[in-house]
K.L.:
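The following block contains the structure, expressed as structure tokens.
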Amino acid sequence: MTTFTTIDLNWTGRPRSIAALLMQSEDASVLIDPGPQSTLETLRAGLRDREQDFQTLDALLLTHIHLDHAGATGALVQENPDLKVYVHELGLMHMIDPTRLLASAGRLYGGDLQTLYGECTPVPEGNLKRLQGGERIQIGQAELEVFYTPGHASHHVTYWDRVSHTAFVGDSAGIRVQGDTFLLPATPPPDIDVEIWNGSLDTIASWGPERIFLTHFGFVENPAEHIRLYKERLAEWSALTRRLLESGMETTDAEKAFVDAIAEKIKSTLPLAAADHYIFNAGLRLSWLGLMRYVRKKDLQRQ
């Protein structure tokens, strides 16, 4: 029997923000996206509640290397030197030496980086298992298929369990708390590409999943509708970004207009507490920066 268990990492004291996924089959246990190093002790406690610990884990399966998904990886390997770490080949070098990853994150988060995400300990090369897409990973009696799904990040993969018809999509399908109907894109820099992203979403939809698992946060039971709406939101946000960039506004004013417009829509749709939760977790300024970079890059390519 294969089980999937959501572990709420209670990021920054906010439940239902970042989830790690514990997968168990026979005597094998793996985590999909262990989260940031700042929530390491919460992860430890969550595993303990399920009679697991870092030493009982066989592997970590990373959807991508952003700190909120993979920042704790090196710390877990320090405690369990036999731990296998599956990661796309474009992210592998940054696991070995996270200097550039941390520098990029530092430019985005400034002095809040340590509080939000903690350290990012390097991972020994010998622990890393290079993925390209097309691999099959055996976990006890279960098998996960690996698909390359760029768009949110160039190093993003999705894990597909054909038996349970579940796709573990990381950030490929955005932010939506389990049980909610509301969803938001997540489009941080540096390598957002909406056209490529739509292709990845089409790939996921083509499997006919019965549910998908989002790191932010939990299972979605109507994947086809979710993916359709998500593509619409990506298109809307991209179009808004382009209009603002073409308006003649200063970039700082355009950024404020983007953040204010999205935040106002969230507030007009959701109760106050829920709106605050989505606005905080969405990182709207980062989404603006990612989409601004994407739109400008596309314009240069057309010249």
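Here the structure is a predicted model, which means the values were calculated and not measured.
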K.L.:
Strictly below 4.0 Å, N to O, side chains only: are Arg176 and Asp180 in salt-bridge contact?
P.N.:
no
K.L.:
Under the side-chain hydrogen bond (donor to acceptor under 3.5 Å, both in side chains) definition, can you give me all pairs with a residue in residues 191-205, not counting sequence neighbours?
P.N.:
Ser154-Asp191, Asp193-Lys298, Glu195-Tyr294, Asp202-Lys231
K.L.:
Walk me through it: do Ile7 and Arg50 pass the test side-chain contact (heavy atoms from CB on, under 4.5 Å)?
P.N.:
CA-CA 10 Å; Ile7 299 177; Arg50 293 153 182 89; 4.1 Å; yes
K.L.:
Spell out, yes or no, whether Leu291 and Ile196 are grouped together once hydrophobic residues are joined by side-chain heavy atoms under 4.5 Å, including indirect joins.
P.N.:
no
K.L.:
With the threshold set at 4.0 Å, does a side-chain nitrogen-carboxylate oxygen contact exist between Glu236 and Arg233?
P.N.:
yes
K.L.:
Please answer: with hydrophobic residues joined when any side-chain heavy atoms are less than 4.5 Å apart, are Ile18 and Leu67 in the same cluster?
P.N.:
yes
K.L.:
Just checking Leu300: does its CG atom have more than 12 heavy atoms from other residues, nucleotides or ligands closer to it than 6.0 angstrom?
P.N.:
yes
K.L.:
For residues Leu61 and Ile137, determine if any side-chain heavy atom of one lies less than 4.5 Å from a side-chain heavy atom of the other.
P.N.:
yes
K.L.:
For the residue pair Tyr86 and Tyr159, is the inter-centroid distance of their aromatic rings smaller than 6.0 Å?
P.N.:
no
K.L.:
Decide if atom CD of Gln138 counts as having more than 12 heavy atoms of other residues, nucleotides or ligands within a radius under 6.0 Å.
P.N.:
yes
K.L.:
With no hydrogens and no angle check, just 3.5 Å: does a side-chain donor-acceptor pair link Tyr109 and Tyr117?
P.N.:
yes
K.L.:
Hydrogens and angles aside, do Asp171 and His66 bring a side-chain donor and acceptor to less than 3.5 Å of each other?
P.N.:
no
K.L.:
Please lay out, stage by stage, how Leu234 and Leu201 fare under the test side-chain contact (heavy atoms from CB on, under 4.5 Å).
P.N.:
CA-CA 11 Å; Leu234 281 175; Leu201 289 166; 4.2 Å; yes
K.L.:
Test Arg211 against Phe4 for side-chain contact (heavy atoms from CB on, under 4.5 Å), laying out the working first.
P.N.:
CA-CA 12 Å; Arg211 60 180 184 167; Phe4 305 106; 3.7 Å; yes
K.L.:
Under a 4.0 Å N-O cut-off, is there an ion pair linking Glu143 with Arg162?
P.N.:
no
K.L.:
Contact between Leu76 and Asn80 at the side-chain level, heavy atoms closer than 4.5 Å - yes or no?
P.N.:
no
K.L.:
Got a sec: does the CD of Glu125 have more than 12 other heavy atoms crowding it under 6.0 Å?
P.N.:
no
K.L.:
Which residue pairs satisfy the side-chain hydrogen bond (donor to acceptor under 3.5 Å, both in side chains) criterion with at least one member in residues 36-46, sequence neighbours excluded?
P.N.:
Gln37-Thr121, Glu41-Arg44, Arg44-Glu79
K.L.:
Assess the pair Phe182 and Tyr278: is the distance between their ring centroids shorter than 6.0 Å?
P.N.:
yes
K.L.:
I'd like to know whether the aromatic ring centres of His64 and His156 sit less than 6.0 Å apart in this structure.
P.N.:
yes
